[in-house]
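A short worksheet on the structure shown next.
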There are 2 protein chains.
Amino acid sequence: MTDRKMTIREMCEAFDVTPRTLRFYEAKELLFPIREGQKRLFTKRDRARLKLILRGKRFGFSLEEIRQLLDLYYMDDSQETQLRKTYTLAEKHLAEMEAQRDELNEAIAELKEQMAWGAKRLEQLAPDRAAG
Amino acid sequence: MTDRKMTIREMCEAFDVTPRTLRFYEAKELLFPIREGQKRLFTKRDRARLKLILRGKRFGFSLEEIRQLLDLYYMDDSQETQLRKTYTLAEKHLAEMEAQRDELNEAIAELKEQMAWGAKRLEQLAPDRAAG
DNA sequence: CGTTACGTTTACGTTCACGTCATCTTTCCT
DNA sequence: AGGAAAGATGACGTGAACGTAAACGTAACG
């Protein structure tokens, strides 16, 4: 496997984050870059995790919640209880995400309706150049 | 219209927030309770706004972003430029929300797939009591 | 051989969204 | 009248998620 390890700068450019952020994530045990002497090197695994981290953030999950979810993706089957616990947690999150999606759809519909109103008002004010 | 004004306590129980939160939202100009002497009274309008505020938060919008969006729902048609500006802002947010929904659907699919894996592993460990 | 670029650690600063006192009126109840 | 309950106004505290500055190491470039 071509696992090109990346420096912190390369990571920053690839994912549009700062070095501080990556070190912070390491301190919080969300990433585990290997060390070459003093320097960090980010593996393919770190890149996959970071992608999931950033996505989780966009959905409003805290870093701690994300950390626990990452375990589902990257767990060694060592102990069952842990796996089972994580699985249950994932079920909870899945339910949350589906609920959030449904509410989001509702909100989108409402906002669209509201915007139709706004568009109508704009047309009345300036019939020549309609909104949109 | 039966606009039963509500005290801060009633609001707190109705929406499951603290008094501090409501005063904070007033300070940030998201709510505009009227005053009866010293005391705040929350109108139907405040309740509608609060509902939108709490929903916006669940979608990860900041209070400042929410404040601007609320203007679309509660603007007097006084000046066109303002209305047009807000409309444009709403279009941006709508696009964001739709993108977020799509990404959320993607993430849900991925998580489900990942959980199928976890379930399989759990079955191997304890075939009698399956996961789910 | 200096300096420029990239990296490190340590540590204090900052923003957001409130929580948590402390202190003071107002109001309602017995 | 007296006391709890509800509400108000500061003002300081807090946790999350970084920003930012200081001080240092080292490796390559001209």
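Residue numbers begin at 1 in each chain, while the letters A, B, ... track the order of the sequences. Keep in mind it's a predicted model, so treat the numbers as computed, not measured.
Classification of A:D3 and A:R47 as a salt-bridged pair holds, one side-chain N sitting under 4.0 Å from a carboxylate O.
The side chain of B:Y25 places no N or O atom within less than 4.0 Å of a non-bridging phosphate oxygen (OP1 or OP2) of C:dA17. A close approach under 4.0 Å does occur between a side-chain nitrogen or oxygen of A:R40 and OP1 or OP2 of C:dT9. One finds a side-chain N or O of B:T18 lying less than 4.0 angstrom from the OP1 or OP2 phosphate oxygen of C:dG19.
Within the 4.0 angstrom heavy-atom criterion, only backbone atoms of the sugar-phosphate kind lie near B:K57; the bases stay farther away. Looking at heavy-atom distances under 4.0 Å, B:R23 makes contact with a base.
B:D16 has its CG atom 12 Å from the P atom of C:dC18, to the nearest Å. Separating the CZ atom of A:F24 from the P atom of C:dT10 is a distance of 16 Å, rounded to the nearest angstrom. In this structure, CE of A:M11 is placed 17 Å from P of C:dC6, rounded to the nearest angstrom.
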Side-chain polar contacts of residues 6-14 of chain A - donor-acceptor pairs under 3.5 angstrom, sequence neighbours left out - could you list them?
unit_1 : atom_1 : unit_2 : atom_2 : d
A:T7   : OG1    : A:R9   : N      : 3.4
A:T7   : OG1    : A:E10  : N      : 3.3
A:E10  : OE1    : A:T7   : N      : 2.8

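Toward the 5′ end of DNA chain D lies the nearest nucleotide of B:R9, the other residue of the pair B:R9 and A:E64 mapping further downstream.
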Might you work through the side-chain hydrogen bond (donor to acceptor under 3.5 Å, both in side chains) test for A:Q114 and A:E110, ending with a clear yes or no? CA-CA 6 Å; A:Q114 207 47 237; A:E110 284 183 33; over 6 Å; no
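The closest side-chain heavy-atom distance from B:M97 to B:F61 is below 4.5 Å.
A side-chain donor-acceptor contact under 3.5 Å links A:R49 to the backbone of A:L30.
For DNA chain D, the span of nucleotides reached by chain A at under 4.0 Å from its heavy atoms goes, 5' to 3', from D:dA17 to D:dT20.
Applying the side chain to side chain contact (heavy atoms under 4.5 Å, CB included) test between A:I53 and each of A:T21, A:L69, A:L70, A:V17 identifies A:L70 as the sole match.
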